[in-house]
Amino acid sequence: MSCHRCSRARAFTIMSCSATSFPKVCEESLAKFVNSTNLGHLQLAQIALRVSITEAKFTRSYLTKLASRLEIAHLEEAQAIGDCIDQINDSVAQLRLSLKELRKCTNKVGVDEFLWYMSNVETWASTALTDQINCAATFEDNVHGKIVRNKVRAKVEGVTKVTSNALALVNRYVTRHRFSRSTHRP
């Protein structure tokens, strides 16, 4: 998508999000947070991880409320949602670790340190995504009521898309950072 009348920040977001699996979701979720003061691949990856953490927390809250409403009448569904909540909790923890590690990646760290930090970031973000996918997979069979299954899957799908995009932006940062370091060596 071209953006002839966009701000520099919006154009950067659109261009960066085009490399993700869900570009429209990426653009919409990041648009209000990206501005000319935080314009860069590292900053965009950090923002994407923060958005993913927030979305995972909202999903956890939604699932907790849904489970409490179903607890007595539909014990099996409530238990499945409880398992899903555990997966989302793990996801939140992994995303927080990713963001914390990503914040250590500055131009002041050496190549080996950078690669170590980024390996951790990618691993934890990928694990968070797997946790979210596993949560959604809990509701793939027909054991659970169709309405509950669809509500849970829709909510979890939203956080999964945001996390997938965050991981893609982290990978984009790693690739660009490695390239820029290799081209600036004497």
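Heavy-atom basis, side chains included; hydrogens, waters and symmetry copies ignored.
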Within this structure, what is the CD1-CG distance for the pair Ile88 and Asp83, rounded to the nearest 0.5 Å? 12.0 Å
For the pair Ser68 and Thr64, evaluate side chain to side chain contact (heavy atoms under 4.5 Å, CB included) and give the outcome as yes or no after the intermediate values. CA-CA 6 Å; Ser68 67; Thr64 301; 5.9 Å; no
Between Met15 and Val174, is there a shared hydrophobic cluster once you connect ILVMFWY residues whose side-chain heavy atoms come closer than 4.5 Å? no
Transitively linked via ILVMFWY side-chain contacts under 4.5 Å: Val162 with Leu129? no
Contact check, side chains of Val152 and Cys84, non-hydrogen atoms, under 4.5 Å: yes
Indicate every side-chain donor-acceptor pair of residues 44-59 with a distance under 3.5 Å to a residue at least two apart or in another chain.
| residue | atom | partner | partner atom | Å |
| --- | --- | --- | --- | --- |
| Ser52 | OG | Thr163 | OG1 | 2.5 |
| Thr54 | OG1 | Arg50 | O | 3.0 |
| Thr59 | OG1 | Glu55 | O | 2.9 |

Any heavy-atom pair between the side chains of Arg10 and Ser7 that's under 4.5 Å? yes
Interatomic distance, CZ@Arg60 vs CG@Asp90, rounded to 0.5 Å, equals 10.5 Å
Of all pairs that satisfy salt bridge (Lys or Arg N to Asp or Glu O under 4.0 Å), the ones with a partner from residues 150-173, not counting sequence neighbours: Glu157-Lys161
Between atom CD of Glu101 and atom CG of Leu99, what is the distance when rounded to the nearest 0.5 Å? 10.5 Å
Same cluster for Leu42 and Phe33 if Ile/Leu/Val/Met/Phe/Trp/Tyr side chains link at under 4.5 Å? no
On a heavy-atom basis, the closest approach of Ser18 and Pro23 is CA-CB, 4.3 Å
Is Cys26 close to Leu169 at the side-chain level, that is, under 4.5 Å between some pair of heavy atoms? yes
Smallest separation among heavy atoms of Ser98 and Trp124, with atom names: OG-CB, 3.1 Å
Check: Lys104 and Val109 side chains under 4.5 Å, non-hydrogen atoms: no
Does any part of the side chain of Ser164, heavy atoms only, come nearer than 4.5 Å to the side chain of Leu167, both counted from C-beta? no
Is there a donor-acceptor contact under 3.5 Å from the side chain of Asn165 to the main chain of Phe22? yes
Answer with yes or no whether the side chains of Asp131 and Ser91 bring together a donor and an acceptor at under 3.5 Å. no
Can you get from Ile85 to Val156 by hopping between Ile, Leu, Val, Met, Phe, Trp and Tyr side chains that sit under 4.5 Å apart? yes
Report yes if the side chains of Leu102 and Met118 come closer than 4.5 Å at any heavy-atom pair, otherwise no. yes
Note: Leu95 and Gln132 closest approach over all heavy atoms is CD1-NE2, 4.0 Å
Interatomic spacing from CG in Asn134 to OG1 in Thr127 - rounded to 0.5 Å: 10.5 Å
Quick one: does Thr138's side chain have a donor or acceptor within less than 3.5 Å of a partner on Cys135's backbone? yes
At what distance, to the nearest 0.5 angstrom, does CG of Leu30 lie from CZ of Phe12? 10.0 Å
Can you get from Val34 to Val25 by hopping between Ile, Leu, Val, Met, Phe, Trp and Tyr side chains that sit under 4.5 Å apart? yes
Are the side chains of Lys100 and Tyr117 in touch, meaning some heavy atoms are under 4.5 Å apart? no
